[in-house]
There are 2 protein chains.
Amino acid sequence: MPQKVFVSAQEVADRAGVSRSAVSRTFTLGASVSPETRRKVIEAADALGYHVNHLARGLMRNESGIVCLIVSDMATPHRSALVKALAQELQHSGKIAMLVNTDLLDGSVDLALRQAIRYRADASIIVSGMPDKSITQLCLKNGQRLVLINRDDEQEGPLRINLDDEEAAGRVVTAFLRAGRRRLAFANSEAGTPSLMAREHGFVAAAKAHGLEVVVERYGWTSYESGRVLAQRLLTLSGRPDAVFCATDLLACGFIDAARHQFFIRVPDQLCVAGFDDIEQASWASYQLTTFAQPLATIAREAVSWLESNETAKPEGQAHAIRLHADLVWRGSIRGG
Amino acid sequence: MPQKVFVSAQEVADRAGVSRSAVSRTFTLGASVSPETRRKVIEAADALGYHVNHLARGLMRNESGIVCLIVSDMATPHRSALVKALAQELQHSGKIAMLVNTDLLDGSVDLALRQAIRYRADASIIVSGMPDKSITQLCLKNGQRLVLINRDDEQEGPLRINLDDEEAAGRVVTAFLRAGRRRLAFANSEAGTPSLMAREHGFVAAAKAHGLEVVVERYGWTSYESGRVLAQRLLTLSGRPDAVFCATDLLACGFIDAARHQFFIRVPDQLCVAGFDDIEQASWASYQLTTFAQPLATIAREAVSWLESNETAKPEGQAHAIRLHADLVWRGSIRGG
DNA sequence: TTGTAGGCGTTATCAT
DNA sequence: ATGATAACGCCTACAA
């Protein structure tokens, strides 16, 4: 095995009998090279196993092609699906995703982000529950473009992609009413992220518009376990709810399991349940959860195409917000769909 | 907003009144700088918002700090948990994870890998079901160290981390026998990856050692849906199995749901079920699946520490294989745990 | 301990 | 269309 593993443009040039610049141009989109030269270069490159060094290219061009994915709870069904969609879309457009996990508590979030900055990532996509304002600030300050997904921050500069959570929540009220339910409840986590709160507010407001009160309960973070606890609390109430909207499918799964296995309540006969995200488990036979589909592909496409379109523009220039519609997916957890 | 976003070491040096090299040394681990100089440099760097440019550093050191995660089915519970563990561990040791998704069919696997090579990733960790031999070959050829997780390839060079699938499968037979079951079945996907096949062979062999035949069925890829189909096939057999080992938890969940909701079979009374991976859903009340835990943290730690220890060594030098034990997690899906 | 000089692999600029 | 040359930001000798 040779000591020197990587072959440089110079070596390719030597073998092809052309100049270094010719090699560079061959691998630069939209540069002018004669077909003959190009052929010779490609041939030599293949023979030698040459790959353009993006470290050096990034240094020159001041543009690395790296996009940083800042994400929390990434082992969660919804998050992992989103990350996958984003990674694929980035890959598809010739960029590459760097993964920064923000689940660790020891202040390594900040550390990780600085790491991304050191690699001169062109942009960051934040899929994290509650990023500090300082994080987004740091990104922008370092010339990164920024995409915020499902985070209705007030910030200027980044692209913000959101769902119409409030409107969706209103549709749940309609569905519950149509199923003949009047004792409504909302099960939320304590995370307090903008989209979760929007669902809560939308649900409560729509209910009030119909003259109904909603019992709201919040607990823990957005997990299956929290769903169980929330069920414990809501299903032991004197005027037990007959319909509950869970802020998240994961909560809903826990809620349904507790209702069924612990309280022997039948869904949807005795209790209607709705969720949000349309995670894979929502379609499983044990849950058959009526929920809202996150348009993952659209989110990813919008995010990446914005990054592409803004390639040359200054990061703080085009502030932009996209509001997407969430389709309701009817399954068995609400009666009379 | 200034045109120039990134501040260079030179600017920090100017402000601190020292030389460029002093700045470099301050940010290089184990270089000798006087406390006084270091202080001045740090101060100037903070004031200016300086971050070492890893693109340039990687160029010089011939070592990028980037580790490529090559992964398929990453939205799956088990895979996403593994990716998370790896990303965290890498982050923890100052490296950064690049995500390469191999789910797309259009030959973009190869494309993505080349992408990683272009960034001069120091290593690749393959968590993909069936990477072509050519992929691993390409990695090694380009001076990357390679970690293969749950892939018992014959290759020399990479670190191979595997579970003792066969031995684990044998324990399932014991458990089934202890529960009084004699009509054993194995539900597998058609993926044919080494670890899946090892579970199958281990199960069949252990059963044979007890004088029992196993009905083996394979279908589709490793998904919930496949589990349902497999149930359909196995539970309509004349001598219906009373115990089934599913190659994967995801298969098991589908299997259980079909058994319960479609055939009204009670688990574990009429049917014992075991799975593999210990995904989060295995612990959900609807499944209570007895399964084997993948030691994710250990896998991640072993992988990363091997990468660290081998930092300076040649990639093909230390071939190494690690075989990990999978702990059996007892839940309700096997009678008499 | 500190500063100076040279080079890493690439692309952009400017001639030709 | 092609080739020489100068950056890009950093690190590592080497000399002081």
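These figures come from a predicted structure and were not determined experimentally. To find a chain, count down the sequence lines: A is the first, B the second, and so on, and within it residues start at 1.
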Q: Let me know the distance between CD of B/Glu63 and P of D/dC10, rounded to the nearest Å.
A: 17 Å
Q.
Without decimals, in angstroms, what is the distance between A/Tyr119 OH and D/dC10 P?
A. 14 Å
**Q.** A/Ser195 vs A/Asn162 side-chain heavy atoms within contact, under 4.5 Å
**A.** no
Q. How about B/Tyr50 and B/Phe27: are their ring centroids closer than 6.0 Å?
A. yes
Q. So do A/Trp306 and A/Ile322 actually touch side chain to side chain, heavy atoms under 4.5 Å?
A. no
Q: Would you mind reporting whether A/Gln294 and A/Asn150 have side-chain heavy atoms less than 4.5 Å apart?
A: yes
(Q) Could you work out, with side chain to side chain contact (heavy atoms under 4.5 Å, CB included) as the rule, every residue matching B/Ser93, not counting sequence neighbours? (A) B/Lys95, B/Val304, B/Glu308
Q: Provide, to the nearest angstrom, the distance between the CG atom belonging to B/Leu55 and the C1' atom belonging to C/dT10.
A: 11 Å
(Q) Near DNA chain D, counting only heavy atoms under 4.0 Å, which residues of residues 30-37 of chain A show up? (A) A/Ser32, A/Val33, A/Ser34, A/Thr37
Q) How long is the line joining CZ of A/Arg39 and C1' of D/dA1, in whole Å? A) 16 Å
Q) OP1 or OP2 of C/dG3 sitting under 4.0 Å from any side-chain N/O of B/Ser19? A) yes
Q.
When the axes are fitted on five pairs at both termini, how much does the helix from C/dT1-D/dA16 to C/dT16-D/dA1 curve, in 10° steps?
A. 30°
List the atom pairs, donor and acceptor, that lie under 3.5 Å between side-chain atoms in residues 12-19 of chain B and the rest of the protein, sequence neighbours left out.
{"from": "B/Asp14", "atom 1": "OD1", "to": "B/Gln10", "atom 2": "NE2", "distance (Å)": "2.9"}
{"from": "B/Ser19", "atom 1": "OG", "to": "B/Ser21", "atom 2": "N", "distance (Å)": "3.4"}
{"from": "B/Ser19", "atom 1": "OG", "to": "B/Ser21", "atom 2": "OG", "distance (Å)": "3.3"}
{"from": "B/Ser19", "atom 1": "OG", "to": "B/Ala22", "atom 2": "N", "distance (Å)": "3.3"}

Q | Non-hydrogen side-chain atoms of B/Ile149 and B/Leu82 separated by less than 4.5 Å | A | yes
Q.
Assess the residue pair B/Lys84 and A/Asp103 against the criterion (salt bridge (Lys or Arg N to Asp or Glu O under 4.0 Å)); give the C-alpha distance rounded to whole Å, side-chain angles, the decisive distance to 0.1 Å, and a yes or no.
A. CA-CA 9 Å; B/Lys84 174 179 170 176; A/Asp103 287 335; 3.1 Å; yes
Q.
Can you measure B/Gln10 atom CD to D/dA7 atom P for me and round it to whole angstrom units?
A. 14 Å
Q. Which pair of heavy atoms, one from A/Ser72 and one from A/Thr102, lies closest together, and at what distance?
A. CB-OG1, 3.1 Å
Q. Is it the case that B/Ser80 and A/Arg79 place a side-chain donor and acceptor less than 3.5 Å from each other?
A. no
(Q) Protein within reach of the bases, or only the backbone? For nucleotides 11-16 of chain C, mark each nucleotide 5' to 3' as B, S or -, using heavy atoms under 4.0 Å. (A) BB----
**Q.** Separation of atom CG in A/Asn53 from atom P in D/dG9, rounded to whole Å
**A.** 16 Å
Q) In whole angstrom, what separates A/Leu59's CG from D/dA6's C1'? A) 14 Å
Q.
From CZ of A/Arg120 over to P of D/dC10, roughly how many Å is that when rounded to an integer?
A. 7 Å
Got a list of side-chain donor-acceptor pairs under 3.5 Å for residues 29-45 of chain B, not counting sequence neighbours?
{"from": "B/Ser34", "atom 1": "OG", "to": "B/Thr37", "atom 2": "N", "distance (Å)": "3.2"}
{"from": "B/Ser34", "atom 1": "OG", "to": "B/Thr37", "atom 2": "OG1", "distance (Å)": "2.7"}
{"from": "B/Glu36", "atom 1": "OE2", "to": "B/Arg39", "atom 2": "NH2", "distance (Å)": "3.2"}
{"from": "B/Arg38", "atom 1": "NH2", "to": "B/Thr26", "atom 2": "O", "distance (Å)": "3.0"}
{"from": "B/Arg39", "atom 1": "NH1", "to": "B/Glu43", "atom 2": "OE1", "distance (Å)": "3.0"}

